[in-house]
Amino acid sequence: MSSILHKIITKLNSKSAVIGVAGLGYTGLPLAIRFSESGYKVIGLDIDSVKLNHIQEGRSYISHISNSLICSAIDNGFEATDDMEIVKTLDAIILCLPTPLDDYRSPDLRYVINTVDSLLPCLREGQIISLESTTYPGTTDEELLPRIESKGLTVGRDFFLIYSPEREDPGNPDFTTQTIPKVCGGATEACLRVGLALYGQVIDRLVPVSSMQVAEMAKLLENIHRAVNIGLVNELKVVADVMDIDIHEVIEAASTKPFGFVPYWPGPGWGGHCIPVDPFYFTWRAKKYGVSSQFIELAGQINRSMPNWIVNKVTLALSRHKKSVNGSNILVLGIAYKKNVNDMRESPAIQIMSLLDRLGANVAYSDPYIPTFPRNRSHYFNLSSIKITSKNLEIYDCVVIATDHDEFDYCMVERYSSLIVDTRGRYRMLSEKVVKA
Ligand SMILES: NC(=O)c1ccc[n+]([C@@H]2O[C@H](COP(=O)([O-])OP(=O)(O)OC[C@H]3O[C@@H](n4cnc5c(N)ncnc54)[C@H](O)[C@@H]3O)[C@@H](O)[C@H]2O)c1
């Protein structure tokens, strides 16, 4: 074993290594906290001054991460900064940066590449760089490796490069950063060894794979699997609706099969930073090889069409009440992309609100996780969350359940609303008042 390799593994095992996490968002912050509670000195890097201020004051900006977790991490020496100079002092730099799509639905690696470029002047011999952002197979090898080697460092000898995808499921109480098994691929055998030493101290089960590309594609497969199955069940919902069959009852019945069936639940489309985005990293990469991935494209078409289908159901439901969308007061319940979280990235609820607004409805929303919805570049709403009370519910011609947060009082909603369009199957007894969509 080379002395550099031996030194870093000894530092990791003795927990004297300093761990840096670049990107303190939905994935980076819980990871930083996990390393900190395991006994490492942790430095968080972010360019968002609002987030940095929150952390420095011990305040969380993520609904399922408590202030006390951040305060305990600070007590253990956790610091958050935008000062890249600190990178010189780090033994490991873990990148948890956004990987969105650009306007043409191609991978936008700007955040990852810009961050690596800004780290370069401060990188030194003996460091670990681990990319956790979701991306297409080949990214770490083609985009990170040559950049870092341009400093005259050789991978596997002078520095250690890893790809280990983030699998965080925000708001899921059954799993934690520690208990979610972690896939890990290294640029060389020595890199993999270092990767396993890094994560082995904080994650219960590691899954080493033979290359970074396998790790990159494994993450995409997980999300493609979800995207395609969500598309399938949304399509089946539309067909079942025409057949006058309750799709939720169908799924519940099918779910009793103890093997070979995985239930997916229909909804108003798809949302979040991952499922509507990541599969298209794969389709984009596949094009380079002259092949297409039709399941993904089809799932995209179906899931993207769902908000229109829901709005059509709202229109029909209002017509049955002798009302038109134009001029109606419509309350959308839940605008986060999924229940019990405060993340509204790519939320289909926003598309539903925009479509209803374009048809002339007076749109309002209620979401205990999102108190205000101010105007920004992607929409022109400027709203605050409406409190669910009997009086407030009576004002609206229609209530659309877009995201079924547990906090909502569904009995009260049913009692005082004049019309409910339920996109989540929250109500089983349908009537003139409760319509499934
Ligand atoms: N959110 C999830 O549930 C989830 C789950 C699994 C995987 N992922 C993947 O993890 C990656 C990160 O996603 P996220 O949801 O944590 O994103 P996020 O937007 O919540 O957090 C990213 C953070 O990176 C910061 N950042 C941007 N440029 C930076 C720079 N140059 N230096 C330092 N910080 C910088 C941003 O300010 C932000 O705080 C993505 O690839 C995503 O696909 C996300």
Participant: Okay, side chain of His379, backbone of Pro374: is any donor-acceptor separation there less than 3.5 Å?
Facilitator: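 Looks like yes, one N/O pair under 3.5 Å.
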Participant: Under the side chain to side chain donor-acceptor pair (under 3.5 Å) rule, what do Asp141 and Tyr163 come out as? Steps first, then yes or no, please.
Facilitator: CA-CA 9 Å; Asp141 237 347; Tyr163 180 79; over 6 Å; no
Participant: Step by step, would you call Arg147 with Asp117 a salt bridge (Lys or Arg N to Asp or Glu O under 4.0 Å)?
Facilitator: CA-CA 8 Å; Arg147 280 186 164 75; Asp117 284 343; 3.2 Å; yes
Participant: Of all heavy-atom pairs between Ile335 and Ser347, which one has the smallest distance, and what is that distance?
Facilitator: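 For Ile335 versus Ser347, the nearest heavy atoms are O-OG, 2.9 Å.
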Participant: Between Gln201 and Asn13, is the side chain to side chain donor-acceptor pair (under 3.5 Å) condition met? List the steps.
Facilitator: CA-CA 7 Å; Gln201 299 287 339; Asn13 290 343; 3.2 Å; yes
Participant: Can you list the steps and then say if Glu132 with Ile94 is a side chain to side chain contact (heavy atoms under 4.5 Å, CB included)?
Facilitator: CA-CA 7 Å; Glu132 295 214 0; Ile94 303 176; 3.5 Å; yes
Participant: Please step through side chain to side chain donor-acceptor pair (under 3.5 Å) for the pair Thr176 and Thr179, ending with a clear verdict.
Facilitator: CA-CA 5 Å; Thr176 63; Thr179 61; 3.3 Å; yes
Participant: Donor-acceptor pair, Ser106 side chain versus Asp102 backbone, under 3.5 Å?
Facilitator: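 Between the backbone of Asp102 and the side chain of Ser106 there is no qualifying donor-acceptor contact (under 3.5 Å).
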Participant: Please step through side chain to side chain donor-acceptor pair (under 3.5 Å) for the pair His248 and Lys237, ending with a clear verdict.
Facilitator: CA-CA 9 Å; His248 288 88; Lys237 167 172 82 166; over 6 Å; no
Participant: Are Lys41 and Glu79 close enough, and set up right, to give a salt bridge (Lys or Arg N to Asp or Glu O under 4.0 Å), and what steps lead you there?
Facilitator: CA-CA 9 Å; Lys41 165 83 183 167; Glu79 289 171 41; 2.6 Å; yes
Participant: Identify the heavy atoms of Leu119 and Met84 that sit nearest to each other, and give their distance.
Facilitator: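 Closest approach of Leu119 to Met84: CD2-SD, 3.7 Å.
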Participant: With side chain to side chain contact (heavy atoms under 4.5 Å, CB included) as the test, would you mind laying out the steps for Leu123 and Ile93 before giving the verdict?
Facilitator: CA-CA 10 Å; Leu123 291 184; Ile93 302 127; 3.7 Å; yes
Participant: Under the salt bridge (Lys or Arg N to Asp or Glu O under 4.0 Å) criterion, do Asp406 and Lys339 qualify, and how do the steps go?
Facilitator: CA-CA 7 Å; Asp406 289 337; Lys339 70 193 284 190; 3.2 Å; yes
Participant: Would you please classify the geometry between the Tyr199 ring and the Phe35 ring as parallel, tilted or perpendicular, with 30° and 60° separating the classes?
Facilitator: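 Correct class here is tilted.
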Participant: Mark yes or no for whether Asp158, through its side chain, and Thr154, through its backbone, hold a donor-acceptor pair below 3.5 Å.
Facilitator: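 A pair under 3.5 Å: yes.
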Participant: So, does Tyr281 use its side chain to make a donor-acceptor pair with the main chain of Pro100 at under 3.5 Å?
Facilitator: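 Between the backbone of Pro100 and the side chain of Tyr281 there is a qualifying donor-acceptor contact (under 3.5 Å).
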Participant: For Tyr410, is there any backbone N or O sitting under 3.5 Å from a side-chain donor or acceptor partner on Tyr427?
Facilitator: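 Yes; at least one donor-acceptor contact below 3.5 Å.
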Participant: In terms of side-chain geometry, is the basic nitrogen of Glu125 or Arg157 positioned less than 4.0 Å from the acidic oxygen of its partner?
Facilitator: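 Salt bridge flag = no for Arg157 with Glu125.
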Participant: For Pro181, is there any backbone N or O sitting under 3.5 Å from a side-chain donor or acceptor partner on Arg167?
Facilitator: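 A pair under 3.5 Å: yes.
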Participant: Test your reading of the model: is there a side-chain donor-acceptor pair from Ser63 to the backbone of Val341, 3.5 Å cut-off?
Facilitator: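 Not at all, since once roles are kept as given, no pair shorter than 3.5 Å links the two residues.
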Participant: Of all heavy-atom pairs between Tyr289 and Arg285, which one has the smallest distance, and what is that distance?
Facilitator: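 That closest heavy-atom pairing would be CD1-O, 3.3 Å.
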Participant: With a 4.0 Å cut-off, would you call Lys436 and Asp246 a salt bridge?
Facilitator: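 A salt bridge is present here (some side-chain N lies under 4.0 Å from a carboxylate O).
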Participant: Is the side chain of Tyr365 donor-acceptor paired with the backbone N or O of Ile350 at a distance under 3.5 Å, no angle test?
Facilitator: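 The answer is no, because no donor-acceptor pair under 3.5 Å joins these two groups.
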Participant: Using only atom types and a distance under 3.5 Å, with no angle test, would you say the side chain of Arg34 pairs donor to acceptor with the backbone of Thr177?
Facilitator: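 No, Arg34 side chain to Thr177 backbone: no donor-acceptor pair under 3.5 Å.
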Participant: When you look at Ile19 and Leu90, which way does the side chain to side chain contact (heavy atoms under 4.5 Å, CB included) test go after all the steps?
Facilitator: CA-CA 6 Å; Ile19 311 295; Leu90 304 177; over 6 Å; no
Participant: Could you name each residue pair satisfying salt bridge (charged side-chain N to carboxylate O under 4.0 Å, His left out) that touches residues 363-379, not counting sequence neighbours?
Facilitator: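 Sorted result for residues 363-379: empty, none.
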Participant: Which pair of heavy atoms, one from Leu24 and one from Ala32, lies closest together, and at what distance?
Facilitator: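 Smallest heavy-atom distance, with atoms named: CD2-CB, 4.3 Å.
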Participant: Does Arg226, at its CZ atom, have more than 12 non-hydrogen atoms belonging to other residues, nucleotides or ligands within less than 6.0 Å?
Facilitator: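 Counting other residues, nucleotides and ligands, CZ of Arg226 stays at 12 neighbours or fewer.
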Participant: Between Glu85 and Lys88 (salt bridge meaning N to carboxylate O under 4.0 Å), is one present in this structure?
Facilitator: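 Judged by the 4.0 Å cut-off on N to carboxylate O distance, Glu85 and Lys88 do form a salt bridge.
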Participant: Will you find, in the side chains of Asn53 and Tyr61, an N or O donor that is under 3.5 Å from an N or O acceptor?
Facilitator: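 Looking only at side-chain atoms, Tyr61 and Asn53 do not form any donor-acceptor pair under 3.5 Å.
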Participant: Does the salt bridge (Lys or Arg N to Asp or Glu O under 4.0 Å) test come out yes or no for Lys11 and Asp91, once each step is laid out?
Facilitator: CA-CA 9 Å; Lys11 271 185 137 182; Asp91 295 295; 2.9 Å; yes
Participant: So among Cys96, Pro165, Ser133, which one has a side-chain contact (heavy atoms from CB on, under 4.5 Å) with Thr27?
Facilitator: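 The side-chain contact (heavy atoms from CB on, under 4.5 Å) with Thr27 is passed solely by Cys96 among Cys96, Pro165, Ser133.
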Participant: Taking the ring of His225 and the ring of Phe295, is the distance between their centroids below 6.0 Å?
Facilitator: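 Centroid separation for Phe295 and His225: 6.0 Å or greater.
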Participant: Kindly say whether Leu12 contributes a backbone atom to a donor-acceptor pair with the side chain of Tyr40 at under 3.5 angstrom?
Facilitator: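 Yes.
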Participant: Any donor-acceptor pair under 3.5 Å linking the side-chain atoms of Asn376 with those of Ser378?
Facilitator: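 Note: Ser378 and Asn376 side chains meet the donor-acceptor criterion.
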Participant: Tell me if the centroids of the rings in Tyr369 and His405 come within less than 6.0 Å of each other.
Facilitator: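 Ring-ring flag for Tyr369/His405: true, centres closer than 6.0 Å.
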Participant: Kindly indicate, with the supporting measurements, whether the criterion side chain to side chain contact (heavy atoms under 4.5 Å, CB included) is fulfilled by Asp169 and Lys338.
Facilitator: CA-CA 11 Å; Asp169 185 16; Lys338 70 171 185 177; 2.6 Å; yes
Participant: Looking at every non-hydrogen atom in both residues, tell me the closest pair between Val363 and Asp357 and how far apart they are.
Facilitator: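 Smallest heavy-atom distance, with atoms named: CG2-N, 3.8 Å.
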